[in-house]
Structure formats: structure tokens, C-alpha cells
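Here the structure comes first, spelled out in C-alpha cells, and everything after it is commentary.
When a ligand or atom number is given, it counts from 1 through the structure's own listing order.
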Amino acid sequence: MSDTARLFGTNGVRGVINEDMTIDLVLQLGKSIGKHFSTVAPEGSDVSVALATDTRVSGDMIKSAVSSGLMATGCRVLDLGIVPTPAIQFYVKTHDDVVGGVMITASHNPPQFNGIKCIDGDGTEMARENEMTIEGYYETQIPCNPWNAIGSLEQVTGAGEAYVEAVIAHVDAAEIRKAGLTAVVDCANGAAYQTTPLLLKKLGVRAVTLNANAQGEFPGHPSEPTEDHLRDMLRLTKDVGADLGIAHDGDADRAVFATAEGNFVSGDKSLTLIAKTMVNAHPGCTVVTPVSSSSMVEEVVKENGGDLIYTAVGSPIVARRMMAEGAPFGGEENGGLIFADHQYCRDGAMTIARMLECIVRFGPLQEQIDALPKFYVDKRKIECPNNRKNDLITNMTEVFSSRGQADTTDGLKVTFPDGGWVLMRPSGTEPIFRIYSESKDPALAESRGAEAEKVAQEIMERIRGSQPS
Ligand code: MG
């Protein structure tokens, strides 16, 4: 991680253990985080910081290093153990004496990765300006406290249970219990291995569990919850006659689903279904989603009398816009859904509880999915060095902006008169430029995607030719 000027990516600090994610880095980061939280804590009070991990093999090692840094700078570290990311966020949000949190996870990345995600005192993912403050401290020699003013380390039990209780309080638990549903739940050997089976038990759902043990090598399948990785869950859902299948990513801030027939439900469809129920529960409300989401969400929200606001990609951006607009619901097409009445962060367990309610009230998941409008997405990517991304966007804007309505919320999105769109967006983490094309006509989605890719390649060739590299 040579570029320490930008330590935090869009999802915290991440890297391969003992390669770029070393204990030296983590110790210095722990001291930097400790200094930041000490600065924002009220004068004279304990600087209490919650800490949790997912199930990764390196969890204890990273936890030890970050805890040492926090204690050296005077923090009282509250170790919640292994819990989902939204569970530590809920703990921080509901404990006024806790100034912030540190979640040790690399979410859906392979097992050799780990990472650190910081949480502000209100339980939200840390605001960029606070991350920048920590990055600034990281570059400096951070003074540690004298021996009699160092912090402490305390084990805290029950954070997962309290989180599950809070989730249940937001849904009609009696109605769900009465339905006597069966679910196959795949915990991906990740952070929800205890909380999600507990949630289902408390909601009277018969849970058939898969990969519901804390095994940080992820023997079940890679922890990104794609259709391809969830073959066992899909097959089992059908075989046991379950009402639905459920799966998480590694830190369980996301949840995705399967129908009773064992069909994978893509994240944009579950987002749309739950958006529909939220708009019906809050007539005329606003739903917030990134520009990369399917128009299916907008069409269904508007049909049901709601309003839709698009943001740049990134769940903290969605969450903060929801706060500003007073929106009860928002989410991403990867299964990361945010419910304002619970907390302003992606929440896998809350998503499950809402989906159960949705099935109990409106019938089998497959029937609900079949009733949604059909859209097709064509996804492509081209290589583009980070320092050429702006040039590419500028040139693409010149070519495409006359073709439809141009929106530059994130990259360039051109919506054509027939309602189809092409989104051209630089990746925030890789030297890649992504091209998404959506239409109700699959052939049109593909031809527009192909055209955008061809134009982008031609522009890249011109840029490469005109500038010495
Ligand atoms: Mg995650």
C-alpha cells in the first residue's frame, strides 16, 4: 500500500495479509484511529471504541494490532467478538458513551484479504473527512500515552443478540411466525453464522443452515454472494421445499435470495420488491439508489406513487442522501439495503426480516418476481489507467451527450428517448472503466453496450497516441 495518501478506499482499508495488510501498518493505523477518536470524544470522558471481526483466519492478528494502537493512545476497547458489520454499527449507534467503532473485515473478498472499516459515533460508515484526518495522522509520529494513562481491553457479550432483537422490533413478527415458513440460509462461513440462524429461530422460520460455522478459509464457497457461488443453496432450497433461500456476503451487510423453485433473485429485483413494500407503507416517500441500479426500481417506485433519487455509487453516499431527504429506504443492486427506521447502513438481517414480511403478505417470491417489469443489462469493462479516466469521461460525454439526457452524477449516464440507458463509469479501485447498458430490449442493450465499448476503445487509442506515457 505505497499510496498512503489514500489509505481508505470506498470500503475502508483492505489488503492481502502480511503483504500489503501488515501488522506494522495496522498498528500505526490503530494509533491514528485512536488519536482521532480521542480528539472527538468529550473532554474528560473515557474514549470507548467498539471493535468486532468477521470470521477470517487473520481476524485475531489484526484485532491484536489495532487494539494495541488504540490502547496506546488511551482508548477503552470494547471487543464485541464475531458479529456482522451492521451489528457493531447498531451497537455504536445505541451506546452514547461509545465514540466510534472499528470493524475488521474484507467483506466479500477472498480469505487471504482482511481490512479495517471505521464507524462514526452515530453508527454510520465513517465520513470521508474523518478518514482523511486519520490518513493525515498516519503519516506522522503519533505520541503514545504514559503507562498510567493507557487504555484497556474488555470483552462485551450480547451485541449480536441485541441487534437481532432490534431487527425483529421493526417487522410484524407475529404475522411472520404464524406463516410457518421454511428457509435455507447460507451464512458463507462468515460473520452472520450465529445471528441470522437466531433471527430466523425468533421469527418462527424453520432454518436449514449451510456454511453456518466460523471457518475463515471459506470452504463452502467464495464469500461474494453470486449465483455461481450459491449453487448448493439454490439446489437445497428446491430440494427441501423451502419457501425461500437466503445468503450473505462475508460480513453480512448484504443479503440475497432464492425463490422456492431454486432460482437466484438478483439484487436489483429484491431491491425493487422491498422498495415497493416500503413505498406502500410510506405513501409518496422517496427511495434513494445509485445511478447503476436498474430502471426497474424507478419504474416500480413511481408506479406506486413514490419518488426516486439517484446518487453516485457507494453505500455511505446513499445513506447520507437518505438522511438529507428523510427517505425511509434506499439501497444498492448488490443486496445492500438500508432502512432508515433501523439504522443508516446496509443491513443483511434487516433485509431478510423485510423479505420474510414481503412473502407472508404478498405471496410466493417467484410470483412477485415474475410480476416485475423486465429489463436487460449488458455489462462490459475496458482497461483505463487511473490518470486517463477523466480524459475518457470528457471525450465520451462529447460523443454521447447529444444522443439523450446526460447525467454526470457518477461517470456519465446517458438515458435515451426510449428509456434505455448506458452508464460509463470509472472504477474507484481498479484501472478499469465499466460500461453498463440497460434496456427492455435485450438486443438493444447489447448493441448499445458494444457501441459504447468500441467508442471508448477508440478514444483510449487516441489518448495513448497523443500523450507520451
Ligand atoms: Mg459486505
Side-chain angles (χ1 to χ4, degrees), residues 8-15 21 51-56 58-59 62 80 82-92 101-119 123-126 131 159-160 163 167 185-196 199 211-212 214 216 218 220-227 229-230 233 246-257 266-268 270-271 289-290 292-293 313-319 330-339 342-352 355 427-429:
F8 289 89
T10 40
N11 280 297
V13 181
R14 273 190 206 170
M21 196 76 186
L51 184 74
T53 72
D54 65 14
T55 57
R56 283 165 199 274
S58 57
I62 299 296
L80 311 187
I82 297 174
V83 292
T85 299
I88 181 178
Q89 291 185 271
F90 184 75
Y91 184 88
V92 173
V102 176
M103 180 68 192
I104 297 166
T105 180
S107 183
H108 59 273
N109 286 137
Q112 64 271 29
F113 283 77
N114 213 335
I116 286 178
K117 190 185 260 193
C118 292
I119 300 161
T124 60
E125 288 179 55
M126 185 171 271
E131 288 182 345
Y163 162 68
V167 167
V185 56
D186 185 338
C187 297
N189 301 111
Y193 79 104
Q194 289 178 305
T195 48
T196 292
L199 170 75
N211 305 314
F218 305 153
H221 57 76
S223 55
E224 173 72 359
T226 60
E227 179 170 7
H229 295 161
L230 299 176
M233 182 275 269
I246 299 167
H248 286 295
D249 67 327
D251 66 329
D253 56 350
R254 297 191 272 144
V256 297
F257 301 94
S266 63
D268 52 1
S270 50
L271 169 62
T289 197
S292 52
S293 293
V313 174
S315 64
I317 300 171
V318 174
E332 304 175 312
E333 42 73 50
N334 60 10
L337 274 46
I338 306 171
F339 301 88
H342 179 48
Q343 55 179 348
Y344 284 101
C345 66
R346 296 192 290 203
D347 196 312
M350 194 67 240
T351 302
I352 293 170
M355 183 56 92
S427 161
T429 49

Find out whether Asn109 and Ser107 are in side-chain contact, i.e. whether some heavy atom of one side chain is under 4.5 Å from a heavy atom of the other. no
Can you find a pair of side-chain heavy atoms, one from Met21 and one from Ile116, that are under 4.5 Å apart? yes
Rounded to 10°, how many degrees is the angle OD2/Asp249-the Mg ion (ligand 1)-OD1/Asp251? 90°
Would you check if Leu337 and Met350 make a side-chain contact, meaning some heavy-atom pair closer than 4.5 Å? no
Look at the aromatic rings of Tyr163 and Phe90 and report parallel, tilted or perpendicular, splitting at 30° and 60°. tilted
Please state whether the separation between the Mg ion (ligand 1) and some N/O/S atom of Ser107 is under 2.8 Å? yes
The atom of Asp253 among N, O or S that is nearest the Mg ion (ligand 1) is OD1
